[in-house]
There are 2 protein chains.
Amino acid sequence: MVAATRTSTARAGLERDDVVQAALELVEEGGAEALTMRKLAAALGVTTTTIYWHVGHRDELVIAVIDRLARQLAQAPVVGRTPRDRVLSAARNIWTNALAHRNVTALASQVGATTLLELPLEVALVAEFEAAGVRGPAARDALRSVLMCIAGFLIGAWRPDDASPAPLRHGALWSTVEDPAIAPATVEAMAEPPDVERLFTLALVAIVDTYLPAAAHPETAP
Amino acid sequence: MVAATRTSTARAGLERDDVVQAALELVEEGGAEALTMRKLAAALGVTTTTIYWHVGHRDELVIAVIDRLARQLAQAPVVGRTPRDRVLSAARNIWTNALAHRNVTALASQVGATTLLELPLEVALVAEFEAAGVRGPAARDALRSVLMCIAGFLIGAWRPDDASPAPLRHGALWSTVEDPAIAPATVEAMAEPPDVERLFTLALVAIVDTYLPAAAHPETAP
DNA sequence: ACCTGAACACCGTTCAAGT
DNA sequence: ACCTGAACACCGTTCAAGT
């Protein structure tokens with residue numbers, strides 16, 4: 001701890017890094033709404049205004065929290081033999097990372113700082129797109145499409161319906177549907193939760209294959 | 001708006017529907033955070049507690065707001081000659097509707113009431129999937145995949161980077177990237193905002209084609 | 001330089017009371 | 001039945017002041 005190097009121990013010995021780290025822990029455990037200036041101060045045994053002295057107002061603190069997690073994250077390895085497999089692996093790393101740190105990821109998404117959190121993983125993905133022959137604006141479109149797809153499936157993955165009030169759940173609302181164009185068996189199937197992990201994989205492959213050169217598609221390869 | 005300042009303590013002639021309608025207008029104009037019990041009361045020329053008498057606490061009010069917009073929405077027509085085109089049209093109706101009512105859609109997403117808002121459009125989409133030969137659990141997976149894809153691209157569409165603080169934007173962060181595996185031209189391309197509408201269309205087609213029977217795919221059709 | 005205490009302008013929510 | 005006023009427990013943020 002850096003505080004140990006201090007010779008003058010008259011104060012609380014609090015440093016900006018300690019505050020940010022404590023804030024990160026609050027978010028990881030309790031989500032964005034658990035991060036209040038007052039709770040954070042209490043967790044550090046300090047007054048609310050002390051937080052302001054160290055990190056400024058809440059927006060700056062949030063950015064610092066995201067930045068701190070970004071630096072802590074280990075660079076996940078990209079695996080696979082073919083360029084296509086490696087692209088999928090790099091994309092899946094972003095997905096896995098977001099699932100592992102859902103609360104910070106959700107916070108980053110709220111404040112529009114997603115890129116700050118996952119830039120190294122994005123860079124790794126684009127590098128694989130380059131290796132697969134996708135570059136320039138096409139690489140940007142491919143990256144953005146994959147990122148937005150991940151964002152959407154994340155919502156489905158970490159709000160597994162039972163976070164909603166009972167009468168608002170997908171199954172509950174669909175159970176009231178009567179439509180001559182829809183078979184009863186299909187309506188019934190709507191009540192079951194989907195396998196989000198599997199659906200994500202299918203969607204990811206579909207989108208990636210849209211951007212890869214035709215030669216990389218297994219379906220249309222000679 | 002029904003605004004009027006009352007001093008007397010007699011009836012305001014307020015009904016639950018008026019409160020919900022005023023709340024809906026607040027959200028449509030100013031987003032979720034514009035909907036506070038106090039602002040709503042002020043807009044109606046009434047005391048905060050009156051809101052509670054009419055609609056209960058905020059969660060119930062939010063649900064009522066979403067429900068009210070859902071009932072107001074005109075049923076968008078599905079167009080197209082082939083089953084595939086009609087599926088894409090029905091899916092695009094959900095996308096278009098969400099863009100048109102972004103604030104309420106975002107609110108619904110926050111509280112897990114998305115289905116409440118767009119159930120009729122979901123039913124229309126599933127009906128087209130049925131007509132295209134996708135039913136039962138496969139129809140559920142197809143619907144869910146399309147919905148999650150829409151959710152992700154919505155984030156990209158209504159947070160067009162300039163909502164983020166300047167140094168956190170995609171382009172700004174990417175401009176610092178130096179990676180031997182990535183061509184400078186590709187890094188430069190990352191600074192330009194993508195055409196989200198176009199990317200959404202490509203992704204939607206890719207996902208829909210994953211679920212449609214092979215005969216419906218133009219690429220693999222005989 | 002570091003930290004405290006009081007204060008301000010907001011929130012959601014409840015309760016007793018008025019007509 | 002409908003509505004008000006006061007109150008409680010929270011927020012983020014600022015300011016003067018203490019060491």
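These numbers come from a predicted model, not from an experiment. In what follows, chains are A, B, ... by sequence order, proteins preceding strands, each numbered from 1. Note: hydrogens, waters and symmetry copies are ignored here, and every other heavy atom, side chains too, is used.
- At least one side-chain nitrogen or oxygen of A:T36 sits closer than 4.0 Å to the OP1 or OP2 atom of D:dC11.
- When rounded to the nearest whole Å, the span between CG of B:L44 and C1' of D:dC3 equals 13 Å.
- Between the C1' atom of D:dC2 and the CD atom of B:E15 lies a distance of 12 Å, rounded to the nearest Å.
- Regarding B:Y52, its OH atom lies at a distance of 15 Å from the C1' atom of D:dA6, rounded to whole Å.
- When the side-chain nitrogen and oxygen atoms of B:T50 are compared with OP1 and OP2 of D:dT4, one or more of them lie within a distance under 4.0 Å.
- Rounded to a whole Å, the NZ atom of B:K39 is 10 Å from the C1' atom of C:dC11.
- Contacts of A:L35 with the nucleic acid, taken as non-hydrogen atoms under 4.0 Å apart, involve only primed sugar atoms and P, OP1 or OP2.
- Counting heavy atoms from C-beta on, the side chains of B:W174 and A:V123 come closer than 4.5 Å.
- Considering only side-chain N and O atoms, B:T47 lies under 4.0 angstrom from the phosphate OP1 or OP2 of D:dT4.
- Here D:dA1 presents its C1' atom at 13 Å from CG of B:L14, a figure rounded to the nearest Å.
- Residue A:H54 places at least one side-chain N or O under 4.0 Å from the OP1 or OP2 atom of C:dC3.
- Taking B:F129 as the reference, nothing meets the ring-ring contact (aromatic ring centres under 6.0 Å, His included) condition, with sequence neighbours excluded.
- Ion pairing between A:R92 and A:E197 holds under the 4.0 Å rule for side-chain N and carboxylate O.
- Consecutive Watson-Crick or G-U pairs involving DNA chain D, each under 3.5 Å on both distances, make up stems of three or more pairs at C:4-8 with D:12-16, C:12-16 with D:4-8.
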